[in-house]
Structure formats: C-alpha cells, structure tokens
S.K.: 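Got a structure for you, written out below as structure tokens; questions coming shortly.
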Protein chains: 2
Amino acid sequence: MKKEDSKVTIYDVAAAAGVSKSTVSRYLGGRFHEISPKTQKKIEHVIQQLNYRPNNLARGLKGNRSYLIGAIVADITNPYTTAILRGAEDVCKQHGYSLLICNSDNQPSKEREYISMLQSHQIDGVFVQTTGGNQAFLQELSRNGETPIVLVDRKIPELSFDTVGIDNHHAVLQAVSYLLKQGYERIAYFTEPVQEISPRRERYVAFLEALQIENEEHQSLNDIYELDVHDKDLLDSQLAAFLADSKGQARAILTANSVVALKLILSIKEKGLQIPKDIALMSFDNPSWAAAIESGITTMVQPTYQIGSTVAELILKRINGEQTAVQTVAYQTRLFERGSTPKV
Amino acid sequence: MKKEDSKVTIYDVAAAAGVSKSTVSRYLGGRFHEISPKTQKKIEHVIQQLNYRPNNLARGLKGNRSYLIGAIVADITNPYTTAILRGAEDVCKQHGYSLLICNSDNQPSKEREYISMLQSHQIDGVFVQTTGGNQAFLQELSRNGETPIVLVDRKIPELSFDTVGIDNHHAVLQAVSYLLKQGYERIAYFTEPVQEISPRRERYVAFLEALQIENEEHQSLNDIYELDVHDKDLLDSQLAAFLADSKGQARAILTANSVVALKLILSIKEKGLQIPKDIALMSFDNPSWAAAIESGITTMVQPTYQIGSTVAELILKRINGEQTAVQTVAYQTRLFERGSTPKV
DNA sequence: TTGTAAGCGTTATCAA
DNA sequence: TTGATAACGCTTACAA
C-alpha cells in the first residue's frame, strides 16, 4: 500500500509496470502512438497506484526547461500589482507554468539579487516592473540564457524588450481634459518621485502638456508635487502649499496612483477639509475602496488583469520560439466617474 | 569578452581556471579551507569574468533540494494575503529561498492541482491557507516527500501540521465586549460562508458565546449573516433584514474580514445610511483604507507581516532538520479604535 | 590540496 | 513497439 521510501521515480514506475524507463518516459511525454495500448494502461495504472509525479528538476536539467516564470514586482502589497499577478497566474497555470514572485521594493539592489536568483533557477522567462537600475543585468540575462523578458508598466527605452502597459500620455490628457471640463480652474498633480521611472515621467510630461494644450492660463510648473508616500510631513506641507496657493479657486488634484491617493485623502481629512466640496480628487488605478470613500473617488482604470495575462502570453510565445518583432502593448484606460469630481 | 554560448557551466569555469569541476564545486559550497588561496582567487576571478551562476536544477537534482518554497493562498488580491506573503518573502530571501506563489481561489480543485505542481517542482516546503478539501493530498505530500507543511490562517484539526494564525476566540470576545461597552444594544456578525474553514468557524462560535457571556438579552441566533461577497443582492437583503429587525436600537455590525466590510460599506451607503450615525461598523483585518473611510473604521488588527515571517521560519527550521514537536502559533490581535464605533 | 568518477531523475538517440 | 545508453550540470565519495 504505502511506499515508505520517500520519492518514487520513473524507475520505480518502470519496474512496477515491467517496462523500461524509456517507455514510461514516452508515456509521460504523451507519445501514446509509440506505445501499445496494453502497456499504456499498465503504466497509467502503476502511476496512479504509486502516486508518481515526474521530477521537474530532472526534467528541466535534461530538457533545459524549468517551467518556472519569474515575476519581479515593485510592491506586492499594491493592489495594482496583485491584479496583474492574478492575470499572469491564470495564463501560466493554464500552460503548466508556475510563478516565482519577487518583491523588489523599488530597490535596484534587491532587484539585482532577484535577477541572479531567478537565473539560478533557470527560469524560462521573466517579467519585471523594473526599478530601472539594472539594465546591464537584464540585458545579460536575456542574451546569455536567451531568456524572454517582458517589461510591465515601466519601459526601458534603451533596451528592446517586449513591454506591456498603458497609454500614459493619452490617459493623462483625458484626465486633465475631463477635470477642466468639469470646471476646475486649478489642477495639481501629485506623484511619487518621478526619477527615471517611465510611466511616472510620461504622466508628468503629459500633465504639463495637457495644461498647455487645454488652457493657456495653467502653464505653471508649480502644480506638480513629488512626494514620498512614507514621508507624511512632506505630503502634508505640499498639500498645504497647494491649498494656500489655490485659495478661492475651484481646484482638483490628480494622483499618480492609488497609494498616493489614499495618503492624500488622509491628509485632506486631517485638515478638516471635504472631498469634493473643498477639493476635488481623481486618481490613477482603481482600487476596491475607490467606490467606498465619500461619494466615491473618480479613477482612471487600468485593465490590470488583462495587462497581466498579456504579459504571460507574450512570455510563453517567446518561450515557445515565436520570433515576432519586439512589441510594445499600450492599453487604453477608462475613466470611471464618481462623486469626487462633480461639475463646479 | 562575451561568451556567445548560452549557458556557462561549472565545467567552463573549471576549464578557464585550469582546475577540475570538483574544485570549483568546493568553492561554490564555500569550503574554502579545502582550496589553496591561489586557486580560490583564480576561481573567483573566472566566475566574475564569465558571469557564472550555478544551475539550481542540477544542484537540486543531486542534493535533493530545490531552494523553492510553495505558497498556496486563497486570494492574492486580498491585502491580508499580500501582507503575509511579504513577511514570508523577506525571511525566505534571507535564506536563499524563493517563493512559488499559487492562488487557489478557495477552490479545492485548484488547490489540488497546485499541490501536484509544487510536488513536481520538488519544493522544499510549503505553506497553505487551505480550502480544507485536500487533506489526503497534503498528508501524502508531507509523508511521501517529507516536505514540511505549515498551515496559515486555517487549521485542519485532523492533521498534525504546524499552524500559524491568531487567537480567533479571544479576538471575537474582545471585539464584542468592546462594542457592548461602547453601548451597542444589538450586534450582528457578517461573515463569508462558514463551512469548514476554521477561523470562520471559530469566530462564529466565539461570537455566539460572546453574546451569551456578556449579555443575556443577546442570545439570538439571527444576528449572524453568512454571505457571498460576489452576491450583492443577498448582501443587500441581509443588511436590510438586520436593519429592519434592529430598528430603533443602537446597533453595530462586526465583519469577518475587510472584503466583507467593504461590500457592506457600499451597501450601507447605497441605502443612504451613515456610519456610524445609523449603524456602527467594526471589521477584522486592517486594510490601508480603514483610516480613510468616513471617520475611520475600527478594526481588529492581525500581525500579518509577523504571521508570514513566522510561517517561513517554521518551514525553514523543518527543512534544516529541526525535529521539534508540531506547534500552533496563535498571535494576539490588537483593537484599533476609529470613528466607526463611537460611544452611544 | 586536487582530481576522477559515479549518480541524482529525466529525455532523446539509437538499435533491436 | 520497446530497451539500452548517453547526456543535462552539479555534488560527493574516494583516490591521488
């Protein structure tokens, strides 16, 4: 009944079925036309009996495939991230792949360590929401192991990797245009440090451009605030500065993501102000709580699940040898209007 | 300069350094006292030069270690889950282990498939927030491969696995006692279907008990509502039922987790009611948005990060052969008072 | 201190 | 339709 030796191998199956390893291997590989129906039945039965599971390590060593895909994300506790992972996971599972998930915390050094680790595990592909600090390592990973790499959310212009994200430029234009149309005279943009992170930069640039296009009077650089979500004092003072400067105007804030939005909401409430009466608010991303705060927070929705599944599909295609040209997929966003941005 | 052959192996390093594979292997294993300083330097240099990374598949095949730990969670998009993963990840990384993350969606069939998959990957250990439907599979995994298994959040009484979670009984007593002390006459408990999921059952039982202990008048079974977070109509009608039944009383709702809380908040708002004026609210877990809704939602905080890191530590201990008795770690929770449960 | 050789569990190439 | 046998990249006796 119960095998007491710990691991049952292909050899045990072969012995029990009275055939050779090769035949069992053929069975495992699904090459049934090379096996007589009788032995096939027998092997099937023995595998059940022994509860045999092929060893992926051995399989990978021989076949140069690990059936592992790496995922390096900036912050796994961000709902944007998990939604993407969810999409990727479904596709991977469907194709027999598993996800090795790594959290870079936006630190290039951690990202680098994880790249190494993933390389050791012989991952068949990887997608990374990059800190931007490891171009050489990524390039080497891609070149040396021919490992397909897909960038999510954040581009690296210098490297030609498949990239999946949104049309940031268009999204910001749409957001600003909407806010202006709602009648806001003064619009600020609150973002995490722009640095060299592409979506942040694209949104930043687009924001400036949007104001210029839409309304000549808004050509002020001062309405962009870079903040660290962990530095509450800085956030508070920046909010205060904007409030002071826009006194008496119909004003709105656009935030670069939901984490910034949440911090800002707390700060606004602490100041005893109300959304949208005292200040309107709109945010990128569409966290679950967006509908539940005040009369709802208007958001710019990214198709996160689809981004994730597209990423996985691209990787799998490359793994399976498809040689299409490097591509960038930019999804359109959707403006979800809620109570935080009423007409003034 | 640039090796054009894709993978550089231990053999390449050996050749380039003019030594044998064994010597390089000794270097990799950190057994420096068995190598002359000169060759050590040489190997070190060559490894740098060639950018060599040991192949984990080969290493694992030989040494019977994959340096992989599996994580089967119910829902990766739940902030409770990601906080735990975050804790586990930090510990794993520190010890050279990587996390293979699997999302069961609370479906036993998916959980089962993932158990198989993880087994194939020869994971060195696994932690699972189990659906409860795969006891036989878990037991077999544990027995057959001697793979350490740790249960998170949810127990399986029949199986003797290390388990990490919170003291649900105490937490509920504490919550109910607090609400009563705040002056609420009528307290309802909203939970996802209790089924055989241990924390749900424990909280359920504790809730009944708490009412009996604290206040004889509350001995009504009717104030427990089981709902499916995807069935909005059901939730709406259950809320309506409780509201109708408790008309005129000072009333509060305790929710079993933050997902339920959020759905409930939406439903309450839709009905045009206010928190806490019309109804008080308190929830298990402490999602980031708890502070931002209305005057804040009072929560029962679980030490999620610590739960995650404890889980990983337990697994690693077992992997490293520590033979301590099976243990259950139950952390205490902390009541975080906010505006949703004022004194009446 | 170093090298040789066997073996980990597979798959793939050959013969039979 | 099957079965030997040689890899895959590494670790680990055992020799030298």
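Residue numbers begin at 1 in each chain, while the letters A, B, ... track the order of the sequences.
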S.K.: Looking across every strand, which nucleic acid part, if any, lies under 4.0 Å from Phe32(A) by heavy atom: base, sugar-phosphate, or nothing?
M.R.: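 No contact at all - Phe32(A) keeps every heavy atom at 4.0 Å or more from the nucleic acid.
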S.K.: What are the two closest heavy atoms between Glu140(A) and Gln119(A), and how far apart are they?
M.R.: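 For Glu140(A) and Gln119(A), the tightest heavy-atom pair comes out as OE2-NE2, 3.5 Å.
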S.K.: Taking the side chain of Ser20(A) as its heavy atoms from C-beta onward, which of dA4(D), dT12(D), dT2(C) lies nearest to it?
M.R.: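 When the side chain of Ser20(A) is considered, dA4(D) is the closest of dA4(D), dT12(D), dT2(C).
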S.K.: Protein-nucleotides 14-16 of chain C N/O pairs closer than 3.5 Å?
M.R.:
none

S.K.: Do the side-chain N or O atoms of Thr23(B) get closer than 4.0 angstrom to the phosphate oxygens (OP1, OP2) of dT2(C)?
M.R.: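 For dT2(C), neither OP1 nor OP2 has a side-chain N or O of Thr23(B) closer than 4.0 Å.
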S.K.: Which nucleotide sits closest to the side chain of Glu34(A): dT11(D), dT2(D), dG3(D)?
M.R.: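 Nearest to the side chain of Glu34(A) among the choices is dT2(D).
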S.K.: Which pair of non-hydrogen atoms, one from Cys92(A) and one from Ile69(A), has the smallest distance, and what is that distance?
M.R.: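 Reported closest heavy-atom pair: SG-CD1, 3.9 Å.
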S.K.: Choose from dC10(D), dT12(D), dT10(C) the nucleotide whose nearest atom is closest to any side-chain atom of Arg59(A).
M.R.: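 The answer is dT10(C), which lies nearest to the side chain.
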S.K.: Please tell me if Tyr52(A) has a side-chain N or O lying less than 4.0 Å from either OP1 or OP2 of dT10(C).
M.R.: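 Yes, such a contact exists.
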S.K.: What is the minimum heavy-atom distance between Gln327(A) and Asp162(A), and which atoms define it?
M.R.: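 That closest heavy-atom pairing would be N-OD1, 2.8 Å.
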S.K.: Give the rounded distance in Å between these two atoms: CG of Asn55(B) and P of dA7(D).
M.R.: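 Spelled out: CG on Asn55(B) to P on dA7(D) is 18 Å.
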S.K.: Would you tabulate the pairs of protein nitrogen or oxygen atoms and nucleotide nitrogen or oxygen atoms of nucleotides 5-8 of chain C closer than 3.5 angstrom?
M.R.:
residue : atom : partner  : partner atom : Å
dC8(C)  : O2   : Lys62(B) : N            : 3.4

S.K.: Side chains of Asp75(B) and Tyr80(B): any donor to acceptor distance under 3.5 Å?
M.R.: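 Short answer, no.
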S.K.: Roughly how far, to the nearest 0.5 Å, is CG of Leu159(A) from CG of Leu151(A)?
M.R.: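 Here the rounded value is 7.5 Å.
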S.K.: Looking at Tyr114(A), is Lys93(B) sitting on its ring face, NZ or CZ under 6.0 Å from the six-membered ring centre and within 45 degrees of the normal?
M.R.: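 The answer is yes; both the distance and angle limits are met.
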S.K.: I'd like to check Ser98(A) versus Tyr67(A) (side-chain heavy atoms, cut-off strictly below 4.5 Å). Are they in contact?
M.R.: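 Contact flag for Ser98(A)/Tyr67(A) side chains = no.
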S.K.: Under a 3.5 Å threshold, yes or no: a donor from one side chain and an acceptor from the other, between Glu111(B) and Thr130(B)?
M.R.: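 There is such a pair (donor and acceptor under 3.5 Å, judged by atom type) between the side chains of Glu111(B) and Thr130(B).
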S.K.: Compute the angle between the rotation axes at the two ends of the helix from dT1(C)-dA16(D) to dA16(C)-dT1(D), each taken over five pairs, rounded to 10 degrees.
M.R.: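 Roughly 40°, once rounded to the nearest ten degrees.
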S.K.: By the definition side chain to side chain contact (heavy atoms under 4.5 Å, CB included), identify the one residue from Leu138(B), Ile115(B), Val152(B), Leu141(B) that meets it with Val128(B).
M.R.: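 For Val128(B), the side chain to side chain contact (heavy atoms under 4.5 Å, CB included) check succeeds only for Leu138(B).
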S.K.: Compare side-chain N and O positions of Ser25(B) against OP1 and OP2 of dT12(D) and report whether any pair is under 4.0 Å apart.
M.R.: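 So the side chain of Ser25(B) is outside the cut-off, no N or O lying under 4.0 Å from OP1 or OP2 of dT12(D).
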S.K.: For the residue pair Ser22(B) and Ser25(B), confirm or rule out a side-chain donor-acceptor distance under 3.5 Å.
M.R.: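 No donor-acceptor contact under 3.5 Å links the two side chains.
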S.K.: Is there a side-chain contact between Ile315(A) and Ile149(A), using heavy atoms and a 4.5 Å cut-off?
M.R.: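 Heavy-atom side-chain distance check fails, nothing below 4.5 Å.
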S.K.: Would you kindly compare Thr39(A) and Tyr11(B) by the position of their nearest DNA chain D nucleotide and give the one closer to the 5′ end?
M.R.: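 Result: Thr39(A).
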S.K.: So, does Tyr27(A) get its side chain near the phosphate of dT10(C), meaning an N or O under 4.0 Å from OP1 or OP2?
M.R.: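 So the side chain of Tyr27(A) is outside the cut-off, no N or O lying under 4.0 Å from OP1 or OP2 of dT10(C).
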